[in-house]
Amino acid sequence: MSEHAAEDREGYDPHAIQEKWLPVWDSLAPFRSGDPADARPKKYVLDMFPYPSGDLHMGHAEAYALGDVLARYWVQRGFNVMHPIGWDAFGLPAENAAIKRGENPLTWTYENIAQQKASMRRYACSFDWDRVLNTCDPEYYRWNQWLFLQLFERGLAYRKDSAVNWCPSCQTVLANEQVVAGCCERCDGAVTKRKLNQWYLRITDYAQRLLDDMSQLEGGWPEKVLLMQRNWIGRSEGAKVDFAVEGRAEPVTVFTTRPDTLFGATFMIVAVDSPLAAELAALGGTSAEHSTYLEQVRAVTDIERQATDREKTGVPLNVTAINPVNGERIPVWASDYVLADYGTGAIMAVPAHDQRDLDFARKYNLPIRVVVAADEDPAVTGVATADDGEHINSGPLDGLGTEAAVARIIEVLRERGTGDASINFRLRDWLISRQRYWGTPIPIVHCPSCGEVPVPQEQLPVTLPALSGDDLRPKGVSPLAAATDWVNTLCPKCGEPATRDADTMDTFFDSSWYFLRYLDPHNTQSAFDPALAKQWLPVEQYVGGVTHAILHLLYSRFFTKVLHDIGLLDFTEPFTRLLNQGMVLMDGSAMSKSRGNLVRLSDELDEHGVDAIRLSMVFAGPPEDDIDWADVSPAGSRKFLARAWRLAGDVTSTPGTDPATGDSALRKVTHKIVHESAQAVEGYRFNVVVARVMELVNATRKAIDSGCGGTDPAVREAAEAVAILLSLVAPYTAEEMWQRLGHEPTVMLAGWPVVDPALLVADSVTCIVQVNGKIRDRFDVAPDITDADLQAQAMQREAVVDSLAGATPAKVIVRAPKLVNIVLGGA
RNA sequence: GCCCCCAUAGCCCAGCGGUAGAGGCAGGCGACUUAAACUCGCUCAAGCGUGGGUUCGAAUCCCUCUGGGGGCACCA
């Protein structure tokens, strides 16, 4: 590496200091957090753990640089910071690699983990290496299975038949997040639906609490993420209304957010793919038409189906429903614009006041009746009106506004026993079954006589059989199903032959509670120790990409509430503060091999050194903004680090010199910058912290070259402050400076410099004088000047007297010591 | 279609009611050097996307529009 490590004139060599300090830090282990005798207050700083797909990339480098600033800052502030790392090590890429290489996925996974771990060490991440966990280890996933059984026992894990995303070319189900615009994210093939019996977690039971508890997160989480979660949970208030159906004993219930428009319902729609539709078709003798239409709908890919401007389609079922409030007979249709798994899978159609219903009504010539007065007739304009207004054609609701009409109709429905107020969520239960190998086996045995039998605790973990290569090739069912030795077992209850559940869990299950396992990663008795959880949790600071704004964070919040209900946690929200870092782009777009704009982290580190890259990441802008690597200058970062480093060589006083007698101007700069930097770190303004340190370096340089000189104690104080502040971002350079300043390692535990409040007050402040808001003069005053003195002085200033030209001020606004504004009356 | 965020020197960004600029990149000039690199010093540069409003005073608060980015999209 000598070709890029060319030393500058004075010898700042980033690569040499990396080699020098790494082994020292390894032996000092300054970020170990597990000592029970440690009296420091505790703080939990968490970075989202990586998926081990190859080496670390630029995105990791940004995220971990930012997390490190926070973790290192709190250590300097005297906290015992737990800053753990591990690997989200189950998942499909490992399985695909294993098929290609004819191996078990474990091999590829562990190779990548080893590589990432080495890169993190070189990158000087302040992790507590004693707490490492890998979700693919049986020691970890056994507790996934334990947790699953806890959920199962409480009825929160259940199986049902449902249409799931299916990729025909990969021969496997896909998670919703793996379906991008109707296509498989890996092979780009069109995704279809397939009916399968799958395991679900009843997250919908927690919908209201997931919504309500967001109040705890206000201010700690980005508003944007809270908004996305609210939308995802999608609470809507309305009513359920029962419509009797001719020839059917049971009524059909619909959910509506506009029960006030019930008198405008002119037909009913049921979701074409719902069991109800098939049943009603049979009732109306239209099964053939229904089936034909259903097949047409199924043939349409998700991409086409999701197009918003798609024309509405449907088929009449030849069934009649009765409007419960006016006895009107209305036809029932089936359509695909009504979703089978939202609400009741059936709606009342009010074409005058719902655009979708109107589109449908116009296409099939169904009646349109206005029940909320509006200027324009939807039947003519083709635009449904949804505004508040006076109700008409609505019997008891006539004359009422929407709010009153809603309340009234709910009363009416209740009195008649044909409906009630109701709340619906768009959140669905979480499908966790995967027909994959590289995941946690679901710890259930299917017994012909006992049914679903949980694997007893003492038999956990149910470990994966060692399959590799072609055995893992997707065949439409889990590869585990073909591992007969593994699948065939005895029922734990009756001892008769039975089979294991052959599916594995969604890997989001693994990551929904990993922050708890870090407390105690080697615990063989329980998933985690509740006493430790009480000490360390909730996580005070979580750092990660906004990609996980919904899924991972929602699932973690759900698990936390379940564990709280079980009595193992004394809090209900896992992450108090959340920082979402932006992405690292190149020339305005995401880096990718196919685009040819991929910047390799290891190349950057080789060329500029670790500290310069970390500094560039932190300095590029606010942490939540994207960084365009084309806009940053790692060479500039390195130049700055060399400049800072050189200061240490110019300090000629001895360590421990009392700064009190030092140059007061420099001391004031130092203390002000240390003070402001702390506030900036806590406000996530890391780029500003770097700017402040640059400012301090500039001031110190000036003091050495053309001010008080290198012997002055204030220069030592300033240089030491630079080293400590820099230790948050550029630990190698900071450590080297610290040593050159005559200290023992490590600067990471040096402690935040103590700020002397007396040094934060300026000697003088420039006061500006405005006349009618325009600046007319400025002069220096004491910072503690009174309003009266300041006004008196300002009124006597020559420039002020001139611009007043004898006029009498109507009003004088004084904000000592910075401003006087003289307002002239009238004109 | 609905909702959210952003807009400050050539560029990345501070400032978030009171002097438009903390810091960096790029540019210019100079010092060091035989010369260059490196380093150091000095310097140039925007009136805060647009139009209105509130205020003694607006880059900062409110509204409009424009331009960029993001989320949700037949959820009844």
*For the residue pair A:F267 and A:F360, is the inter-centroid distance of their aromatic rings smaller than 6.0 Å?*
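Yes, ring centres under 6.0 Å apart.
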Please pick, from [options], the nucleotide with the shortest atom-to-atom distance to any side-chain atom of [X].
| X | options | answer |
| --- | --- | --- |
| A:K702 | B:rG18, B:rG23, B:rC42 | B:rC42 |
| A:R692 | B:rU19, B:rA22, B:rA76 | B:rA22 |
| A:Y337 | B:rC74, B:rC25, B:rA14 | B:rC74 |
| A:D631 | B:rC40, B:rC74, B:rC11 | B:rC11 |
| A:M228 | B:rG24, B:rC13, B:rG71 | B:rG71 |
| A:N821 | B:rU19, B:rA76, B:rC56 | B:rC56 |
| A:R778 | B:rU19, B:rA22, B:rC25 | B:rU19 |
| A:A691 | B:rC13, B:rA22, B:rC56 | B:rA22 |
| A:V338 | B:rC25, B:rA76, B:rC72 | B:rA76 |
| A:E695 | B:rA22, B:rG41, B:rG71 | B:rA22 |

_How close do A:Y364 and A:T313 get, counting heavy atoms only, and between which atoms?_
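Between these two residues, the closest heavy atoms are OH-CA, 3.4 Å.
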Should the pair [X]-[Y] be classified as a salt bridge under the 4.0 Å nitrogen-to-oxygen rule?
| X | Y | answer |
| --- | --- | --- |
| A:D705 | A:R701 | yes |
| A:K668 | A:D763 | yes |
| A:E218 | A:R230 | yes |
| A:D341 | A:R428 | yes |

When you compare [N] with [M], how far apart are their [atom1] atoms, in angstrom units rounded to a whole number?
| N | M | atom1 | result |
| --- | --- | --- | --- |
| B:rU55 | B:rC63 | C1' | 16 Å |
| B:rG24 | B:rU66 | C1' | 30 Å |
| B:rU64 | B:rC3 | P | 11 Å |
| B:rA31 | B:rC12 | C1' | 29 Å |
| B:rU60 | B:rA9 | P | 14 Å |
| B:rG51 | B:rA45 | P | 24 Å |
| B:rC32 | B:rA37 | C1' | 12 Å |
| B:rC6 | B:rG18 | C1' | 25 Å |

Give one of base, sugar-phosphate or nothing for [X], where a contact means two heavy atoms less than 4.0 Å apart.
| X | result |
| --- | --- |
| A:I775 | sugar-phosphate |
| A:N698 | sugar-phosphate |
| A:Q770 | base |
| A:R428 | base |
| A:K672 | nothing |
| A:K774 | nothing |
| A:S637 | nothing |
| A:T257 | sugar-phosphate |

Under 4.0 Å between a side-chain N or O of [X] and OP1 or OP2 of [N]?
| X | N | value |
| --- | --- | --- |
| A:K811 | B:rC56 | yes |
| A:R643 | B:rC40 | yes |
| A:S633 | B:rC12 | no |
| A:R646 | B:rC40 | yes |
| A:N687 | B:rA14 | yes |
| A:R815 | B:rU19 | no |

*Can a donor-acceptor pair be found between the side chains of A:T733 and A:Y12 at a distance below 3.5 Å?*
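Yes, a side-chain donor-acceptor pair sits under 3.5 Å.
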*Can you find a side-chain donor-acceptor pair between A:Q679 and A:R685 that sits under 3.5 Å?*
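No, no side-chain donor-acceptor contact under 3.5 Å.
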*Below 3.5 Å, does any donor atom in the side chain of A:K312 face an acceptor in the base of B:rC74, or the other way round?*
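For A:K312, whose side chain was compared with the base of B:rC74, there is a donor-acceptor pair (under 3.5 Å).
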*asked:* Closest-nucleotide mapping onto RNA chain B: is A:G621 or A:V765 further toward the 5' terminus? I mean the 5' end.
replied: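 The residue closer to the strand's 5' end, by nearest nucleotide, is A:G621.
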_Earlier contact from the 5' end, RNA chain B, for A:C767 and A:M694_ =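 Upstream on the strand: A:C767.
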*In the 5'-to-3' direction, what one-character label does each nucleotide of nucleotides 1-6 of chain B receive under the scheme B = base within less than 4.0 Å of a protein heavy atom, S = sugar-phosphate only, - = no such atom?*
---S--
*Looking at CE of A:M268 and CG of A:N323, how far apart are the two atoms once the value is rounded to the nearest 0.5 Å?*
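It comes to 9.0 Å.
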*Can B:rG47 be described as syn, meaning its chi torsion is within 90° of 0, or is it anti?*
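Syn, which is what one calls it when the glycosidic angle falls within 90° of 0.
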*Is it possible for you to check whether A:R426 lies under 6.0 Å from the centre of the six-membered ring of A:W232, through NZ or CZ, and within 45° of that ring's axis?*
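No, A:R426 does not sit over the ring of A:W232.
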_Complementary nucleotide for B:rA7 - Watson-Crick or wobble, under 3.5 Å_ =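 With both distances under 3.5 Å, B:rA7 matches B:rU66.
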*Using purine N1 to pyrimidine N3 plus N6-O4 or O6-N4 for Watson-Crick, or N1-O2 and O6-N3 for G-U wobble, both under 3.5 Å, which nucleotide pairs with B:rG17?*
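Pair assignment: B:rG17 / none.
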